[in-house]
Each structure stands twice: as C-alpha cells, then as structure tokens.
Engineer: 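Supplied in structure tokens, the structure appears directly below.
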Amino acid sequence: MDPIALRRTKIPYGPAPSNFGHLYVPSEPSGRAPLVVLVHGGSWSTDYSLVVYTAFARLLAERGAVVWNVEYRRIEEDGGGWPGTGLDVVAALRALDGPVTERLATAGVVVDASNVSVVGHSAGGQLAVYAVAQIGARTDRYTISTVVPQSAVLDFTETGAFDRPSVEGLMRAPFDRIPDRYREASPSEQKPFDAAVAVIHTVDDDMVPIQMSRNYVAAARDRGQAVALYEVSGEGHEAFVEPRSAATRQTLRVLGI
C-alpha cells in the first residue's frame, strides 16, 4: 500500500459530519516539518469536498510537509451557509491546538509551529482569508505566517461577486437585503492581520476574474496588510488542483516547499 496513504488520518474537529479533516504526515519526517492547512473550493457546495485537494496534499506530504486538509459544512448541509461555513474553518484552524497536535505527538512528528501556511482555492480562498483574520493569524500553539488564496473570491461587495448565485447561496439572501453580512464575510473587508497574504491567480481564469485579485491586493496594501500578487499565465481556474500545473509550482515556490 502507498506509504503516504498509510500516514493519512481522519480527525474530527466538531460535532457535525463534515467537521473533520485529513491529516497527512510525511513517511520520513525530518527536523521541524512545515505545516500547511488546505481549504478546498467548489462554490461552498456539496458537489465538491476535500478530496479535490487530495493530490496536492499528497504532493506536499511527499515533499516533507505536514498537511491538514479540512472539510466544512457546505450550503446544502444543516448549519451550512453563512456564518456556519466560515465558523467551521475557524474551528478547523483552532483544532491545530488539540486533536492535530495530539496526533502529531503520537506519530512522533515535530512541526515548525511559528511558520504555518493556510492555502485555499476559489471559495476556499475566501474561507482561508476570513478564518485567519478572525483568529488574528494565531492559535494558542501556532502562528500563521502565510495565507495563499488561489484564484479566490476575495470581494463580496463588488458587482460580479455579490450577484453570483454561489455567493448568494452561501449568504442565504441577496446583497441588498443583508449588505452588512456580505461585508462581514468578505476578505476585502477584513482588518489587517499579522501574516503575509500571497495571492496567486491564473490569468486565463474564466470563473473568477483576475481583476478581483488585483483590486483586492491594491486595497489590502493601502489598509496596511502585507500582500503580494502572483499571476500565472496560460492556465485557468482548475489548474490549482493539478499537481503538474504551473499554478501548483507557483504555490510551492510561495510556500518554500
């Protein structure tokens, strides 16, 4: 059997069926392993699950990282939608202090607790930035140094975002009825936090326009957020779940893995 598969553990972090994650531990960990949290995309819908990130999680583990690939309640599930979906990802980050640390201790794996990265694709990028902002880029034991939104929906307040059916489905009502709730969820409205946001966007993305990331980066920099934009030419929205893509290579470079 694949040794990486043998080192994957399903760990619950809450009471709901979708409150769990897959923890990947390198077969041969060396020194203080980097720790990467993955938050999958898929329009916040049960049409997609954490398995869309499985290949990327395995790639990171093969390169020596510990990976916490998290699931969360999506819009079709009880308690899913806003704010439940966002709060699940906050809870998944806080679970690093409890069940994740306990499993790592059992496995005899030491991680670099001062240099955690959180990566999210598309809808997962929105959730990643939101959740890290909510905890101020820190848990009791861990410090998040880098957040990587990949072709993410980073602004819920601009035309082309708040009027998307998927965003309205997450929020449960149109923007004009609950504008404050949209702003609460929007990465573009989060207060600066003490981690670098490394935005990666594929230039040929026909699902989430690259201009959204460009606008977010400019506005976040003006607010005092440490932020940078990496544009990847010649690929589209789904390139980030393909381990051999240029978008994945750029992500690995940003993570230093």
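For the single chain, residues carry numbers from 1 onward in sequence order.
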Engineer: Looking at Gly64 and Ala33, what are the two nearest heavy atoms and their distance?
Structural biologist: O-CB, 3.5 Å
Engineer: Can you tell if the side chain of Glu238 reaches within under 4.5 Å of the side chain of His121, non-hydrogen atoms only?
Structural biologist: yes
Engineer: Rounded to the nearest 0.5 Å, how far does CZ of Phe175 lie from CD of Glu158?
Structural biologist: 10.5 Å
Engineer: Treat each ILVMFWY residue as a node, draw an edge where side-chain heavy atoms are under 4.5 Å apart, and state whether Leu50 and Leu127 are in one component.
Structural biologist: no
Engineer: Mind checking the CD1-CG spacing from Ile135 to Leu93? Nearest 0.5 Å is all I need.
Structural biologist: 4.5 Å
Engineer: Please say whether more than 12 non-hydrogen atoms of neighbouring residues, nucleotides or ligands are located less than 6.0 Å from CZ in Arg177.
Structural biologist: no
Engineer: Using every non-hydrogen atom in the two residues, find where Tyr216 and Pro187 come nearest and quote the distance to one decimal.
Structural biologist: CE1-O, 3.7 Å
Engineer: Holding to side-chain contact (heavy atoms from CB on, under 4.5 Å), I want the full list of residues that pass it with Ile75, two or more places apart in sequence or in another chain.
Structural biologist: Trp44, Leu170, Arg172
Engineer: Quick one: does Leu104's side chain get under 4.5 Å of Leu23's, heavy atoms only?
Structural biologist: yes
Engineer: Show, in sequence, the C-alpha distance, side-chain angles and deciding distance for Arg164 and Val208, and conclude whether the side-chain contact (heavy atoms from CB on, under 4.5 Å) test is met.
Structural biologist: CA-CA 10 Å; Arg164 287 170 176 262; Val208 180; 4.1 Å; yes
Engineer: Tell me whether the centres of the aromatic rings in Tyr130 and Trp82 are closer together than 6.0 Å.
Structural biologist: yes
Engineer: Taking all heavy atoms of Tyr13 and all of Gly21, pick out the closest pair and write down the distance.
Structural biologist: CD2-N, 4.4 Å
Engineer: If you draw a 6.0 Å radius around CG in Asp47, do more than 12 non-hydrogen atoms from other residues or ligands fall strictly inside?
Structural biologist: yes
Engineer: Determine whether Phe20 and Ile11 satisfy the following criterion, side-chain contact (heavy atoms from CB on, under 4.5 Å), listing intermediate values before the conclusion.
Structural biologist: CA-CA 5 Å; Phe20 71 91; Ile11 300 176; over 6 Å; no
Engineer: Indicate yes or no: at least one non-hydrogen side-chain atom of Phe193 is less than 4.5 angstrom from one of Val147.
Structural biologist: yes
Engineer: Is there side-chain contact between Val111 and Tyr142, with at least one heavy-atom pair below 4.5 Å?
Structural biologist: yes
Engineer: For the residue pair Val36 and Val116, establish whether any side-chain heavy-atom pair is separated by less than 4.5 Å.
Structural biologist: no
Engineer: Determine, using the 4.5 Å side-chain heavy-atom cutoff (strictly less than), whether Val52 and Val89 are members of one ILVMFWY cluster.
Structural biologist: no
Engineer: Has Arg7 got a side-chain atom pairing as donor or acceptor with Ala61's backbone, closer than 3.5 angstrom?
Structural biologist: no
Engineer: Can you tell me how far apart CD (Gln126) and OG (Ser166) are? Round to the nearest 0.5 Å.
Structural biologist: 10.0 Å
Engineer: Given side chains that start at C-beta, do those of Val118 and Val148 come closer than 4.5 Å, heavy atoms only?
Structural biologist: no
Engineer: Between the side chains of Thr202 and Glu235, is a donor N or O closer than 3.5 angstrom to an acceptor N or O?
Structural biologist: no
Engineer: With side chain to side chain donor-acceptor pair (under 3.5 Å) as the rule and sequence neighbours excluded, what pairs involving residues 242-257 come up?
Structural biologist: Gln150-Thr251, Ser245-Thr248, Gln250-Arg253
Engineer: Between Ser151 and Ser122, is there a side-chain donor-acceptor contact under 3.5 Å, judged purely by atom types and distance?
Structural biologist: no
Engineer: For Tyr48, look at atom OH and say whether over 12 heavy atoms of other residues, nucleotides or ligands are found less than 6.0 Å away.
Structural biologist: no
Engineer: Backbone N or O of Gln211 within a donor-acceptor pair of the His201 side chain at under 3.5 Å?
Structural biologist: no
Engineer: When rounded to the nearest 0.5 angstrom, what distance separates CG in Asp155 from OG in Ser186?
Structural biologist: 4.5 Å
Engineer: Considering only heavy atoms from C-beta outward, does the side chain of Val51 approach that of Glu71 to under 4.5 Å?
Structural biologist: no
Engineer: I would like to know whether Leu35 and Val67 meet side-chain contact (heavy atoms from CB on, under 4.5 Å); could you show each step before the answer?
Structural biologist: CA-CA 6 Å; Leu35 174 57; Val67 184; over 6 Å; no
Engineer: Between Thr85 and Arg73, is any side-chain donor less than 3.5 angstrom from a side-chain acceptor?
Structural biologist: no
Engineer: Assess, by modelled atom type and distance only, whether the side chains of Asn69 and His22 contain a donor and an acceptor separated by less than 3.5 Å.
Structural biologist: no
Engineer: Tell me every residue that passes side-chain contact (heavy atoms from CB on, under 4.5 Å) with Pro17, counting only those two or more places apart in sequence or in another chain.
Structural biologist: none
Engineer: Grab the two heavy atoms, one from Asp204 and one from Gly234, that are nearest each other, plus how far apart they are.
Structural biologist: OD2-CA, 3.2 Å
Engineer: Taking Gln190's backbone N and O only, do any of them form a donor-acceptor pair with Arg183's side chain (distance below 3.5 Å, no angle check)?
Structural biologist: no
Engineer: Going through the distances and angles, do Val232 and Val203 end up as a side-chain contact (heavy atoms from CB on, under 4.5 Å)?
Structural biologist: CA-CA 6 Å; Val232 180; Val203 174; 5.8 Å; no
Engineer: Taking side chain as C-beta onward, heavy atoms only, is Phe56 less than 4.5 Å from Leu38?
Structural biologist: yes
Engineer: Count I, L, V, M, F, W, Y as connected when their side-chain heavy atoms are under 4.5 Å apart, and connections chain through other members. Are Val153 and Ile210 then in the same cluster?
Structural biologist: no
Engineer: Before you tell me yes or no, could you show the steps for Ser43 and Ser45 under side-chain hydrogen bond (donor to acceptor under 3.5 Å, both in side chains), namely the whole-Å CA-CA distance, both residues' side-chain angles and the distance that decides it to 0.1 Å?
Structural biologist: CA-CA 5 Å; Ser43 302; Ser45 170; over 6 Å; no
Engineer: Applying a strict under-4.5 Å side-chain criterion to I, L, V, M, F, W and Y, I'd like to know whether Val90 and Tyr72 cluster together.
Structural biologist: yes
Engineer: Suppose we call two aromatic rings close when their centres sit under 6.0 Å apart. Are Tyr53 and His40 close by that rule?
Structural biologist: no
Engineer: Do Leu87 and Met171 belong to the same hydrophobic cluster, where Ile, Leu, Val, Met, Phe, Trp and Tyr are linked whenever their side-chain heavy atoms lie under 4.5 Å apart, directly or via other members?
Structural biologist: yes
Engineer: Identify the heavy atoms of Arg8 and Thr54 that sit nearest to each other, and give their distance.
Structural biologist: NH1-CG2, 4.2 Å
Engineer: We want to know whether Asp88 and Asn19 form a side-chain donor-acceptor pair, criterion being a heavy-atom distance below 3.5 angstrom.
Structural biologist: yes
Engineer: side-chain hydrogen bond (donor to acceptor under 3.5 Å, both in side chains) between Glu76 and Thr46: does it pass, once the steps are laid out?
Structural biologist: CA-CA 7 Å; Glu76 299 90 348; Thr46 53; 3.1 Å; yes
Engineer: Distance only, no hydrogens: is a donor on one side chain within 3.5 Å (strictly under) of an acceptor on the other, for Thr9 and Tyr24?
Structural biologist: no
Engineer: Hey, could you give me the OG/CG distance between Ser213 and Leu229, rounded to the nearest 0.5 Å?
Structural biologist: 6.0 Å
Engineer: Does atom CG of Asp194 have more than 12 heavy-atom neighbours, drawn from other residues, nucleotides or ligands, at distances under 6.0 Å?
Structural biologist: no
Engineer: Any idea which heavy atoms bring Val217 and Ala228 closest together, and the distance?
Structural biologist: CG2-O, 4.2 Å
Engineer: Nearest 0.5 Å, what's the CG-CG distance between Leu60 and Leu255?
Structural biologist: 6.5 Å
Engineer: Please confirm whether the backbone N or O of Thr139 pairs with a side-chain atom of Arg141, one donor and one acceptor, at under 3.5 Å?
Structural biologist: no
